[in-house]
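For reference, the structure discussed in these notes is given below.
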Amino acid sequence: MNIPSRYDPRKTEDRWYSYWMQHGFFRSVPDDREPYTIVIPPPNVTGVLHMGHMLNNTIQDVLIRRARMLGKNACWVPGTDHASIATEAKVVAKLKSEGIEKRDLTREEFLKHAWEWTHKHGGIILEQLKKLGASCDWERTLFTMDEKRYRSVIKAFVQLYNKGLIYRGVRMVNWDPEARTAVSDEEVIYTEEQSKLYYVKYRIAGTDDFITVATTRPETILGDTAVCANPRDKRYKYLAGKRVIVPMAEREVPFIFDDYVDMEFGTGCLKITPAHDINDYEIGLRHNLPMIDIFNDDGTLSEKAGKFIGQDRFRARELAEEELRRTGHLVKVEKYTTKIGRSERTNAVIEPKLSVQWFLKMKEISVPALNAVLTGEVMLHPSKFKNLYRHWMENVRDWCISRQLWWGHRIPAWYYNDNEFVVAETEEEALELARRKTGNKHLTLKDLRQDEDVLDTWFSSWLWPITCFDGINNPGNPDMKYYYPTSDLVTAPEILFFWVARMIIAGYEFTGKKPFSNVYLTGIVRDQQRRKMSKSLGNSPEPLELIEKYGADGLRVGMLLCSPAGNDLLYNDSLPEQGRNFANKIWNAFRLVKSWKIDEKIAQPEASALAVEWMEEMFNRTLGEIDSDFRKYRISEALMKTYKLFWDEFSGWYLEIIKPEYQKPVDLKTYNATISIFERLMQVIHPFMPFITEEIWHLISERKEGESIMVSRMPVHKKHHDRFIHRFEVAKEIISAIRAIRKEKNIPQADKLDLYIKTDNSYDGYYLPVIRKMCNLNEIKYTEEKVQEAISFLVRTIEYYIPVRTKVDTAEELKRTREELEYTKGFLAIVMKKLDNEKFIRGAPSDVVERERKKQADALVKIKALEEKIKELENR
RNA sequence: GGGCGAUUAGCUCAGUUGGUUCAGAGCAUCUGCCUUACAAGCAGAGGGUCGGCGGUUCGACUCCGUCAUCGCCCA
């Protein structure tokens with residue numbers, strides 16, 4: 001068989017993916033096995049794969065593949081999110097590039113464009129996931145706005161409304177003037193930006209005196225309805241009950257006092273614009289101040305401003321500055337750094353704005369969700385997110401769920417006059433309700449007007465684990481009963497509150513059950529400078545190119561190796577390179593084994609028998625460790641252990657021991673044992689590297705059509721004892737020591753050496769056949785005497801000699817032995833310091849004391865041996 | 001401004017109830033090898049006063065306090 005020495009993933013990956021699809025291995029339907037379920041965090045329907053998706057979906061695939069091999073009925077539900085604001089923004093931009101303005105279209109026309117766009121670009125991202133090897137049940141692919149999901153969302157809304165949890169209210173919202181919609185608190189990104197602080201004089205009514213107020217937004221002076229100071233601020237005590245004149249607006253407003261005002265900031269005097277600042281708004285409520293909204297929805301000044309009407313808010317700021325300066329009201333302007341909130345989607349500066357919105361009361365319904373995480377019914381991995389979660393949930397605020405967009409689930413509220421409305425799942429039901437409510441039987445659909453707003457995207461995603469199984473429309477259906485609650489959720493910590501917390505809330509609210517048992521929070525993929533990977537920075541590699549270059553297996557390993565849960569992953573190309581190298585290592589180990597001729601007549605060499613016995617134990621023990629890592633969601637560590645098991649133990653030690661001499665055959669027993677171990681190693685590696693393991697699985701033994709490693713049963717960890725592992729470690733040390741001697745003395749591996757072991761009955765010689773083979777030894781003898789003309793070395797407490805013909809460098813060896821003696825004496829001193837301490841003897845547990853005594857004894861033996869050796873060397 | 005978390009080798013990180021699994025891993029670096037599976041490899045080596053300072057303890061990377069630096073969340 002002629003197998004190339006480099007593994008080429010491009011020749012295998014697509015082929016195996018088609019094979020899996022063709023045989024329906026990803027398909028899951030309820031049966032009597034234990035279910036294991038993951039719902040994908042639905043990527044934006046028109047998005048493309050980025051590095052974060054790669055990491056996230058690799059982890060999900062590892063978990064799913066492992067569960068499947070453990071005999072569970074593994075179901076990974078894929079889908080996409082309609083991403084209302086992001087998608088709408090893209091469609092608007094696309095139309096604009098074609099010279100079409102959104103405002104010139106009807107809602108229906110716009111939605112037609114949006115659906116076209118969705119159908120054209122939608123689902124590309126899911127196709128990309130296939131390249132990664134994702135074993136989703138594609139027959140279940142969903143969309144948050146497909147028919148069933150749409151109905152679910154509407155139904156959920158109506159339910160909550162009827163429970164009195166949804167209300168319509170005037171609130172200060174984060175207004176995105178570019179998208180002309182409210183956005184949630186979570187969608188506002190605050191960053192420090194350079195700005196200016198303007199000091200403006202306000203005249204005290206009825207006098208010629210002025211007070212000075214500091215503000216960053218002089219244009220909002222037009223909406224001022226008070227000026228305020230801290231009640232403890234002595235400087236302004238005299239103004240109690242006085243009124244001041246707002247510049248430009250020439251309006252008389254009261255001077256008030258409120259604890260909110262920071263006496264240190266600016267002049268200690270604050271202008272109050274209740275309609276355009278959240279804190280001012282609250283002060284306004286406390287003091288019953290009028291609210292003057294001076295902005296239009298697009299961020300230009302409205303009639304109510306009385307000035308600069310129709311000007312953009314930033315232009316108005318300049319105009320205000322000019323006018324204040326001209327009229328002598330501007331005292332000074334300082335440079336000032338302040339936190340500015342910008343829309344996550346459009347990057348427009350957020351305008352706090354009073355508007356009528358739909359809200360969901362959160363306090364009550366989040367209680368079970370908070371408890372679920374605190375009691376561990378839902379586990380967060382890593383658990384450090386528990387505190388963060390609690391903090392957020394305890395301070396949860398009502399959720400603004402309406403968005404002034406068209407792309408999304410339209411709010412199922414129908415108005416039958418300006419302010420009164422009914423909420424229902426369908427137009428017909430709405431009409432029925434409206435007739436009943438008004439007592440007017442003659443109302444027709446034409447008299448009803450549906451609310452223009454759509455729901456926040458997250459209002460559909462928070463139902464995802466339920467709607468994936470149609471659990472809102474059809475609560476008791478077989479899928480729902482079988483798959484729900486799902487098992488694990490894998491997502492980024494960034495959306496812990498946007499999404500995860502709300503899903504837990506919805507889980508308890510709509511099903512009375514948690515939506516999932518474990519949440520694995522991945523890190524964020526960053527570049528070497530710790531910058532988040534983003535398109536605008538251009539620092540994100542193209543995932544599909546990486547797959548092309550390193551193979552999906554290589555990339556998966558690269559991403560997983562250094563991303564413990566919750567830790568950011570600093571990406572660079574050496575990661576998938578390491579993964580690719582590992583694939584190549586596996587490939588070459590396979591080539592080696594496949595190259596052997598089998599001779600059924602030859603007996604199994606002793607060394608091979610010992611190697612098999614040890615390898616089996618090593619395999620079993622590592623399997624136990626890997627199981628334990630998975631239970632703790634320490635996937636990187638599980639992979640690292642797998643990696644070392646294959647590379648170091650299996651390839652580095654085991655194969656080297658059993659390897660027949662060049663062109664000599666291997667005995668059948670060893671061969672069979674090796675194939676068996678190799679196959680089991682492939683199974684352990686499979687969840688991490690699905691493609692190469694499948695390829696080898698099919699090449700290493702006869703397989704029938706339709707067989708696959710991905711549906712084979714994962715080896716089971718048996719209770720292990722480390723009978724051989726410790727002894728083998730000693731053998732490794734001896735082999736290393738002899739290798740070092742060969743290297744130092746320039747003795748080629750082909751020259752046979754003799755080994756003498758000084759007997760003190762403590763070395764059982766169990767692995768001597770292995771040592772003989774690995775070091776190409778001729779004779780191995782026990783001796784009670786020092787061996788002359790030999791190099792000696794010490795492993796643990798036993799001395800070994802290798803007789804050599806070349807002259808032994810006595811001086812060099814003496815020096816080294818003395819250094820070792822010094823070190824051992826130092827070590828003993830530390831041990832003795834403890835043992836001589838009466839308090840230690842009394843206070844420490846007996847096994848700890850015992851251990852120290854053993855250390856003492858071993859050190860003493862070693863010192864004696866070293867001292868004898870030195871004496872002998874000196875006399876030479 | 002409020003809260004949470006982190007700081008261990010050049011880099012990325014383990015280190016579970018304080019004590020031989022205790023100072024570790026991978027990568028990177030350095031040295032020597034193209035040795036018939038693999039140079040995408042093999043054999044070796046070096047490298048850290050566990051952020052600083054105090055405290056508790058027979059004993060501290062581990063517990064407590066404090067300072068410093070960084071990150072994240074919220075305002």
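All values derive from a computational prediction rather than experimental measurement. Numbered from 1 within each chain, the chains take letters A, B, ... in sequence-line order.
Counting any heavy atom pair closer than 4.0 Å across all strands shown, Arg742(A) reaches no nucleic acid atom. If you check every strand for non-hydrogen atoms under 4.0 Å, Lys659(A) touches a base. Contact annotation for Asn584(A): base contact, defined as any heavy-atom pair under 4.0 Å involving a base atom. Across all strands shown, Gln578(A) has heavy atoms under 4.0 Å from sugar-phosphate atoms exclusively, and none from any base.
Going from atom CG of Leu561(A) over to atom P of A14(B) covers 14 Å, rounded to whole Å. The interatomic distance linking Ile738(A) (CD1) with A43(B) (P) rounds to 16 Å, in whole Å. Regarding Met774(A), its CE atom lies at a distance of 11 Å from the C1' atom of A43(B), rounded to whole Å. Here G71(B) presents its P atom at 16 Å from CZ of Phe385(A), a figure rounded to the nearest Å. A37(B) atom P lies 12 Å from atom CD1 of Ile658(A), rounded to whole Å. The NZ atom of Lys384(A) sits 12 Å away from the C1' atom of C73(B) (whole-angstrom rounding). Remark: P of C72(B) and NZ of Lys386(A) are 25 Å apart, rounded to the nearest angstrom. In this entry the distance linking CD1 of Ile696(A) with C1' of C38(B) reads 12 Å, nearest Å.
Under the 4.0 Å criterion applied to side-chain N and carboxylate O atoms, Glu548(A) and Arg10(A) are assigned as salt-bridge partners. Under 4.0 Å is where a charged nitrogen must lie from a carboxylate oxygen, and between Arg217(A) and Glu351(A) at least one such pair does.
Distances shorter than 4.0 Å separate none of the side-chain N or O atoms of Lys585(A) from OP1 or OP2 on A37(B). When the side-chain nitrogen and oxygen atoms of Arg634(A) are compared with OP1 and OP2 of A14(B), none of them lie within a distance under 4.0 Å. Taking side-chain N and O atoms only, Trp647(A) has a distance below 4.0 Å to OP1 or OP2 of C42(B). A sub-4.0 Å separation between OP1 or OP2 of A75(B) and a side-chain N or O of Arg397(A) is present. Between Ser736(A) and G44(B) there is a side-chain N or O to OP1 or OP2 distance below 4.0 Å. OP1 or OP2 of C38(B) has not a single side-chain nitrogen or oxygen of Asn581(A) nearer than 4.0 Å. Note on Tyr643(A): a side-chain N or O is less than 4.0 Å away from OP1 or OP2 of C27(B).
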task = Show the numbers, then the answer: is there a ring pair (Phe, Tyr, Trp, His ring centres under 6.0 Å) between Tyr389(A) and Phe385(A)?
result = CA-CA 6 Å; Tyr389(A) 179 87; Phe385(A) 288 106; over 10 Å; no

ask   = What's the verdict on side chain to side chain contact (heavy atoms under 4.5 Å, CB included) for Lys641(A) and Asp629(A), showing C-alpha distance, side-chain angles and the deciding distance?
value = CA-CA 9 Å; Lys641(A) 280 180 187 133; Asp629(A) 282 338; 2.8 Å; yes

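Dense packing is recorded around CD of Glu394(A), with more than 12 heavy atoms of other residues, nucleotides or ligands lying under 6.0 Å away. By the 6.0 Å contact criterion, NZ on Lys363(A) is enclosed, its count of non-hydrogen atoms from other residues, nucleotides or ligands being greater than 12.
The separation of U17(B) from A6(B), taken at their P atoms, amounts to 13 Å, rounded to a whole angstrom. Nucleotides G47(B) and A60(B) place their P atoms 25 Å apart, quoted to the nearest Å. Nucleotides G15(B) and G48(B) have their C1' atoms positioned 14 Å apart, rounded to a whole Å. When the C1' atom is used for both G18(B) and A37(B), the distance is 47 Å, rounded to whole Å. When the C1' atom is compared between C13(B) and G59(B), the two are found 28 Å apart, to the nearest whole Å. Nucleotides G3(B) and U66(B) place their P atoms 13 Å apart, quoted to the nearest Å. Rounded to whole Å, the separation between the P atoms of C64(B) and G19(B) comes to 15 Å. With P as the reference atom, A28(B) and G41(B) are 9 Å apart, rounded to whole Å.
The base-pairing partner of U16(B), taking Watson-Crick or G-U wobble contacts with both distances under 3.5 Å, does not exist among the strands shown. With both pairing distances under 3.5 Å, G71(B) is matched to C4(B) as a Watson-Crick or G-U wobble pair. Pairing for G48(B) is absent, with no Watson-Crick or G-U wobble pair whose two atom distances lie under 3.5 Å. Under the Watson-Crick or G-U wobble criterion, with both distances below 3.5 Å, C42(B) is paired with G32(B). Under the Watson-Crick and G-U wobble criteria, each requiring two contacts below 3.5 Å, nucleotide C63(B) is paired to G55(B).
Side chain of Arg739(A), nearest nucleotide from G5(B), A40(B), A43(B): A43(B). Picking from G5(B), A40(B), C73(B) the nucleotide with the shortest atom distance to the side chain of Phe497(A) gives C73(B). Closest to the Met640(A) side chain, of the nucleotides A43(B), G26(B), G3(B), is G26(B).
Arg739(A) contributes no side-chain N or O that, together with a main-chain N or O of Ile734(A), makes up a donor-acceptor pair within less than 3.5 Å.
Between Asp648(A) and Leu570(A), the one whose closest nucleotide on RNA chain B sits nearer the 5' end is Leu570(A). Each of Ile278(A) and Tyr7(A) was assigned the nucleotide of RNA chain B with the nearest heavy atom; the assignment lying further toward the 5' end belongs to Tyr7(A).
With hydrogens and angles ignored, a donor-acceptor pair closer than 3.5 Å exists between the side chain of Glu656(A) and the base of A37(B). Residue Arg580(A) places a side-chain atom within donor-acceptor reach of the base of A40(B), judged by atom type and a 3.5 Å distance cut-off alone.
For Tyr7(A) and Phe582(A), the distance between ring centers is not under 6.0 angstrom.
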